[in-house]
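See structure below.
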There are 2 protein chains.
Amino acid sequence: MDDLTEMLKGTLEGCVLEIIGSEETYGYAITRRLNELGFIDVVEGTVYTILLRLEKNGLVQVTKRPSGVGPPRKFYALNDAGREELARFWAKWEYVSSRIDKLKEGGR
Amino acid sequence: MDDLTEMLKGTLEGCVLEIIGSEETYGYAITRRLNELGFIDVVEGTVYTILLRLEKNGLVQVTKRPSGVGPPRKFYALNDAGREELARFWAKWEYVSSRIDKLKEGGR
DNA sequence: CCTGGTACCTTGTAGTACCGAGTACCACTA
DNA sequence: TAGTGGTACTCGGTACTACAAGGTACCAGG
């Protein structure tokens with residue numbers, strides 16, 4: 001599969017929100033999770049910029065914990081605003097993807 | 001529905017390709033078509049920049065024809081390279097949307 | 001003449017993912 | 001004990017895209 005970066009714009013942040021929402025986790029693990037989901041070209045730098053943005057926008061709660069196998073981890077969990085944002089994201093996704101699928105089916 | 005612009009990045013060009021591929025048409029009509037498909041905030045300027053990009057990248061064939069109700073129209077049709085690009089776009093869309101849907105279903 | 005619909009173009013901006021490089025902690029091993 | 005590899009986070013700069021905002025121009029009807 002060739003380059004997906006442009007198509008991921010606007011959706012990757014929502015994917016990260018979903019991952020955080022299903023389980024409190026940290027940047028490095030989120031990157032691995034995205035990679036195993038099939039987003040193989042997503043790199044750490046990208047995920048960390050998203051996480052910093054989420055934190056800046058007040059959508060997550062951050063807790064630092066020691067790791068044992070490396071430097072301390074920053075664990076992220078959704079707060080109320082984050083859960084609302086996640087719901088908005090899925091609504092938008094539903095809206096956009098259904099319309100694109102309709103266009104694909106030759107919808108008039 | 002709130003702002004969709006970020007989510008449309010990387011997909012809008014493919015949508016325009018699909019519209020052109022199903023019927024030779026022109027910028028103003030493509031904008032109207034996208035609006036009635038549900039992409040209500042897409043404006044003319046956006047479509048024209050996409051059309052210029054498609055032309056620059058050699059994906060379309062352009063024909064100017066008089067209109068009768070206004071200035072002349074520039075009709076766009078896909079060439080072979082455009083059809084290939086369109087197929088690639090749909091393959092990418094299939095790939096990305098299926099993976100996001102899986103994530104949404106809590107896919108592990 | 002003036003308004004509104006049609007039709008196209010251009011410059012600049014904001015937002016997002018990525019690149020590249022750096023810092024740092026830890027376990028294992030030659 | 002120096003080196004390697006995996007873990008983990010940060011930051012400055014870049015490329016690409018959709019949009020905003022304004023302009024030009026053609027035509028019909030009041």
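Atom set for the values below is all heavy atoms of this structure, side chains included, hydrogens, waters and symmetry mates excluded. In what follows, every chain begins at residue 1, and chains take the letters A, B, ... in the order their sequences are listed. As the structure is a prediction and not an experimental result, all values here were calculated from the model.
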Please tell me which of the listed nucleotides, D/dC11, C/dT6, D/dA8, lies nearest to the side chain of A/Y28?
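Given the options D/dC11, C/dT6, D/dA8, the side chain of A/Y28 is closest to D/dA8.
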Taking the side chain as every heavy atom from C-beta outward, state whether A/L8 and A/V42 have any pair of such atoms under 4.5 Å apart.
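Side-chain contact under 4.5 Å: yes.
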To the nearest Å, how far apart are [X] [atom1] and [N] [atom2]?
{"X": "A/K56", "N": "D/dT10", "atom1": "NZ", "atom2": "P", "answer": "15 Å"}
{"X": "B/L52", "N": "C/dT11", "atom1": "CG", "atom2": "C1'", "answer": "13 Å"}
{"X": "A/I50", "N": "D/dT10", "atom1": "CD1", "atom2": "C1'", "answer": "15 Å"}
{"X": "A/M7", "N": "D/dT17", "atom1": "CE", "atom2": "C1'", "answer": "13 Å"}
{"X": "B/R65", "N": "C/dC8", "atom1": "CZ", "atom2": "P", "answer": "12 Å"}
{"X": "B/L54", "N": "D/dA18", "atom1": "CG", "atom2": "C1'", "answer": "14 Å"}
{"X": "A/K64", "N": "D/dA8", "atom1": "NZ", "atom2": "P", "answer": "13 Å"}
{"X": "A/L51", "N": "D/dC11", "atom1": "CG", "atom2": "C1'", "answer": "15 Å"}

Is it true that a side-chain atom of A/Y95 and a backbone atom of B/G38 form a donor plus acceptor pair closer than 3.5 Å?
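Yes: the side chain of A/Y95 pairs with the backbone of B/G38.
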Under the 3.5 angstrom rule, does the side chain of A/N79 hit a backbone N or O of A/A81 as a donor-acceptor pair?
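Side chain of A/N79 to backbone of A/A81: a pair is present.
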Using 0.5 Å steps for rounding, measure from the OG atom of A/S98 to the CG atom of A/L103.
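Answer for the OG-CG pair, A/S98 versus A/L103, is 11.5 Å.
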Approximate separation, where rounding is to 0.5 Å, of B/L37 CG and A/I100 CD1
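The CG atom of B/L37 sits 10.0 Å away from the CD1 atom of A/I100.
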Most 5' of B/K74 and B/K9 on DNA chain C, judged by nearest nucleotide
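On the 5' side of the pair lies B/K74.
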All pairs passing side-chain hydrogen bond (donor to acceptor under 3.5 Å, both in side chains) where residues 82-94 of chain B contributes a residue, at least two apart
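Listed once each, the pairs are A/D101-B/W93, A/K104-B/E94, B/E18-B/W90, B/D80-B/R83, B/E85-B/R88.
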Keeping to residues at least two apart or across chains, list the salt bridge (Lys or Arg N to Asp or Glu O under 4.0 Å) pairs with something in residues 61-73 of chain A.
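Those involving residues 61-73 of chain A are A/E24-A/R65.
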A/E6 or A/S67: which one's nearest nucleotide on DNA chain D is closer to the 5' end?
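Looking at the nearest nucleotide for each, A/S67 comes out on the 5' side.
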For [N], does OP1 or OP2 lie under 4.0 Å from any side-chain N or O of [X]?
{"X": "B/R53", "N": "D/dT17", "value": "yes"}
{"X": "A/Y26", "N": "D/dA8", "value": "yes"}
{"X": "A/Y48", "N": "D/dT10", "value": "no"}

Taking only N/O atoms, report every protein-nucleotides 19-25 of chain D pair under 3.5 Å with atom names and distance.
unit_1: D/dC19; atom_1: OP2; unit_2: B/T46; atom_2: OG1; d: 3.1

